[in-house]
Amino acid sequence: MKEKNYPGRVITHYGNQLEVEILDGPLAGLTQRCHQKGNTSRLVTGDLVTCRPGSTNTGVIISQSDRINAFGRFDSGGKFKPLASNLDCVLVVIAATPKAYINLVDRYLVALRKLELDAFLLLNKVDLIDENKDQSLQRMLQIYGDLGYPILKVSAKSGIGFEALGRQLAGQTTVLVGQSGVGKSSLINRLGSYKSAKVGNLSQTKYKGTHTTTTTRLYHLKNFDLIDSPGVREFSLTKVTKQEILSGFPEIQSLATNCKFRDCSHRGEPYCAIREGLKSGVVFQERYDSYQNILGNLD
Ligand code: GDP
Ligand code: ZN
């Protein structure tokens, strides 16, 4: 057994060591501490690897697979720093409180577009929503719904919407982003109570049910995986080009080719398809404002 190699997935880091879940064979579902040879590139949570477990001590990473995609940030020099990899979906969490802003959601959507990651909106704390009173929230939901962004509505407190959420997450690796206080930890805790992954005797750390995010970690739950990461939670939009911003606003992007001037700023030029779209209601004023705001803050 000691000599055999197994496929695994990186769960988290402990200094120079990695915790790897074995994905196949007699050890499947167990986690193993492994060290990485110096000549392989730095691994992140979610990476798929081949490892050779040690029967009593740490194992070793033999090789790593190419990443399908990665979530990360761009440093000041524009270099990409991955935080988590092989993701199927990113849940952009908003809530009744703290108040949700279109501009903040759009910043996430632009950043996720740039990373070529699929985004879903998740509205948490529906138990607190008074549909008649929360008009700006209702308007926001209407806008994103009309634009074709799927929206899940849940309450981490009452459990409303968790069946649909479970269907969305099934078989996928998902990360949650959203401003502090929207309920990301509460959602993960509630989802964590469905845990059924084996935590084996090779493992030294167990999921304890109370959730704190100090390090990036993959939670292998009932039939899905969640990755929680302080860096992912707190990410902000950096190092984007005008074109990348436009890609986050597909309804504006598709019209922009019809503007008379190729370099139209859509701020008052004649024969501007975007401003016509605003008049006819094809473009939402809120999204237009948000687009201009993000452009205005280009770094
Ligand atoms: P995070 O900062 O995004 O991880 O948010 P937390 O999970 O720490 O939640 C922030 C606060 O919102 C806590 O006081 C939670 O108890 C509360 N909260 C989370 N989800 C819900 C919900 O669905 N309904 C209500 N009423 N409160 C919630
Ligand atoms: Zn224009």
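Whatever order the structure lists ligands and atoms in, that order sets their numbers, starting from 1. Hydrogens, waters and symmetry mates are skipped; everything else that's a heavy atom, side chains included, is used.
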Colleague: Please note down the angle at the Zn ion (ligand 2) between ND1 of H266 and SG of C259, to the nearest 10°.
Modeller: 100°
Colleague: Look at atom CD of Q285 and say whether more than 12 heavy atoms of other residues, nucleotides or ligands are closer to it than 6.0 Å.
Modeller: yes
Colleague: Tell me whether the rings of Y291 and H266 are parallel (<30°), tilted (30 to 60°) or perpendicular (>60°).
Modeller: tilted
Colleague: Atom 21 (C) of ligand 1: which protein heavy atom is closest, and how many Å away?
Modeller: K125 CG, 3.5 Å
Colleague: Is the shortest distance from a Lys or Arg side-chain nitrogen in E244 or K239 to a carboxylate oxygen in the other one below 4.0 Å?
Modeller: no
Colleague: Check each heavy atom of V182 against ligand 1 and say whether those closer than 4.0 Å belong to the side chain, the backbone, both or neither.
Modeller: both
Colleague: Got the closest protein heavy atom to atom 2 (O) of ligand 1, with its distance?
Modeller: G181 N, 2.8 Å
Colleague: Is N124 touching ligand 1 with its side chain, its backbone, both, or neither, if touching means heavy atoms under 4.0 Å apart?
Modeller: side chain
Colleague: Within the protein, is there a heavy atom lying under 4.0 Å from atom 15 (C) of ligand 1?
Modeller: yes
Colleague: When the ring planes of F80 and F74 are compared, do they come out parallel, tilted or perpendicular, using 30° and 60° as the limits?
Modeller: tilted
Colleague: Compute the shortest N/O to N/O distance between G183 and ligand 1 and return yes if it is under 3.5 Å, no if not.
Modeller: yes
Colleague: Measure the shortest side-chain to side-chain distance between F284 and I102 over non-hydrogen atoms and say whether it is less than 4.5 angstrom.
Modeller: no
Colleague: Give the single entry among S185, S155, A156, S186 that approaches atom 4 (O) of ligand 1 most closely by any heavy atom.
Modeller: S185
Colleague: Donor-acceptor check, side chain of D134 to backbone of I129, threshold 3.5 angstrom: yes or no?
Modeller: no
